Amino acid sequence: MTEVRTERDDSLATLLGGRRGALDASLPPAAFVVGWLLASNSILIGAAAAVGVGLVIGILRLVRGGKLGAVLISVAGVCAAALLALYTGRAQDFFLIQLLMNIASALAWAASIVLRWPLLGVVVGFALGQKTSWRRDPALLRAYGLASWIWVFVQYTLRVAVYATLWWAGEVVALGVARVALSWPLIAVTIAISAWVLRATLPADHPGLRHPRIAGQDPEVRRQENESEETERPAP
């Protein structure tokens with residue numbers, strides 16, 4: 001029983017870590033706030049600082065072997081936030097796109113649970129090379145659904161509440177602090193609670209996230225398929 005539970009936790013933490021990406025994404029907003037403050041509330045200087053830091057991070061990601069498409073999207077997001085703040089003339093609007101993205105994420109995750117395609121299961125299943133086989137395991141489907149609600153409320157809804165309140169009040173510095181505090185630290189908490197929910201929800205004899213227990217399938221056939229998937233999956 002101990003081995004099964006350890007596998008569940010390690011799988012979720014490893015697959016959904018993303019600490020470096022979350023930290024990198026926090027640096028341009030921090031640069032915007034610092035530039036804005038040092039230049040006597042100049043949105044132009046703050047925007048230039050954010051875009052400059054975003055470009056440096058993008059180059060470093062490419063050097064580390066990151067995908068060009070992901071880097072371009074990240075840099076484009078920083079540029080869009082900077083242009084929006086420059087267009088409206090309100091520094092807090094640099095964070096408006098992030099607020100809207102979290103609203104969209106909360107709605108998407110909630111809808112996925114209602115439609116019985118919980119996004120946590122989609123992400124983990126894709127990472128494990130399972131395609132949609134996890135959906136044929138009623139216990140896994142239920143566990144992923146319950147754990148996905150953690151992402152809806154603990155991560156996205158919390159962010160929306162904090163960002164919206166600070167954005168409405170025009171608290172630029174507080175927005176920058178919240179943007180950093182609600183990145184990797186919040187993700188780590190969300191992953192930990194999700195792992196606990198999965199552990200508490202799955203039956204004690206369940207083989208774990210990597211081994212969907214499909215009704216009517218012979219255990220030996222399932223074991224061979226899992227071993228085949230492990231062999232074919234490229235090393236990270």
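Predicted model, so just to flag it, every value in this text is computed and none were measured. Below, each value reflects all heavy atoms present in this structure, side chains not excepted, and no hydrogens, waters or symmetry copies.
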* Between H211 and D137, do the side chains contain an N or O donor and an N or O acceptor separated by less than 3.5 Å? -> no

* Is L86 linked to V75 within one hydrophobic cluster, defined over Ile, Leu, Val, Met, Phe, Trp and Tyr using a side-chain heavy-atom separation of less than 4.5 Å? -> no

* To do: Indicate yes or no: at least one non-hydrogen side-chain atom of Q98 is less than 4.5 angstrom from one of R179.
  => yes

* To do: Answer yes or no: is there a donor N or O on one side and an acceptor on the other, between the side chain of S42 and the main chain of A39, under 3.5 Å?
  => no

* Side-chain touch L175/F94, heavy atoms, less than 4.5 angstrom -> no

* Asked: If we only count heavy atoms from C-beta on, is the I45 to W36 side-chain gap below 4.5 Å?
  -> no

* Verify whether one side chain among S194 and W151 offers a donor that lies under 3.5 Å from an acceptor in the other. => yes

* Quick check: does any side chain N or O of T201 sit under 3.5 Å from a backbone N or O of L198, one acting as donor and the other as acceptor? -> no

* Just by modelled atom types, is the A178 backbone N or O under 3.5 Å from a matching donor or acceptor in the R159 side chain? -> no

* Does the side-chain contact (heavy atoms from CB on, under 4.5 Å) test come out yes or no for L140 and H206, once each step is laid out? -> CA-CA 9 Å; L140 264 183; H206 195 280; 3.9 Å; yes

* Return the minimal non-hydrogen interatomic distance between L202 and A143, and the atom names on each side. => CD2-CB, 3.8 Å

* What distance do I191 atom CD1 and Q155 atom CD have between them, rounded to the nearest 0.5 Å? -> 8.5 Å

* Asked: Under the side-chain contact (heavy atoms from CB on, under 4.5 Å) criterion, do L141 and W134 qualify, and how do the steps go?
  -> CA-CA 7 Å; L141 180 59; W134 58 272; 3.8 Å; yes

* Answer yes if the side chains of S74 and R61 hold a donor-acceptor pair under 3.5 Å, and no otherwise. => yes

* Asked: With side chains defined as the heavy atoms from C-beta onward, is the minimum distance between R213 and P203 less than 4.5 Å?
  -> yes

* Asked: Quick one: do V180 and V53 end up in the same hydrophobic cluster if we chain Ile, Leu, Val, Met, Phe, Trp and Tyr together by side-chain heavy atoms under 4.5 Å apart?
  -> no

* Asked: Are any of the side-chain heavy atoms of I113 and Y144 separated by less than 4.5 Å?
  -> no

* Just say parallel, tilted or perpendicular for the rings of F95 and F32, cut-offs at 30° and 60°. => perpendicular

* SG on C79 to CG on L55, rounded to 0.5 Å -> 6.0 Å

* How many angstroms lie between atom CZ of R64 and atom CD1 of I57, to the nearest 0.5 angstrom? -> 8.5 Å

* Asked: Any idea which heavy atoms bring L128 and L209 closest together, and the distance?
  -> CD1-O, 3.8 Å

* Does T190 use its side chain to pair, donor to acceptor, with the backbone of V154 at less than 3.5 Å? -> no

* Asked: Can you tell me how far the CD1 atom of I97 sits from the CG atom of N102, to the nearest 0.5 Å?
  -> 12.5 Å

* Asked: Quick one: CZ on R199 to CH2 on W196, what's the gap to the nearest 0.5 Å?
  -> 8.0 Å

* Asked: To the nearest 0.5 Å, what is the distance between OH (Y156) and CG (L182)?
  -> 12.5 Å

* Side-chain contact, heavy-atom cut-off 4.5 Å: L96 with W167? -> yes

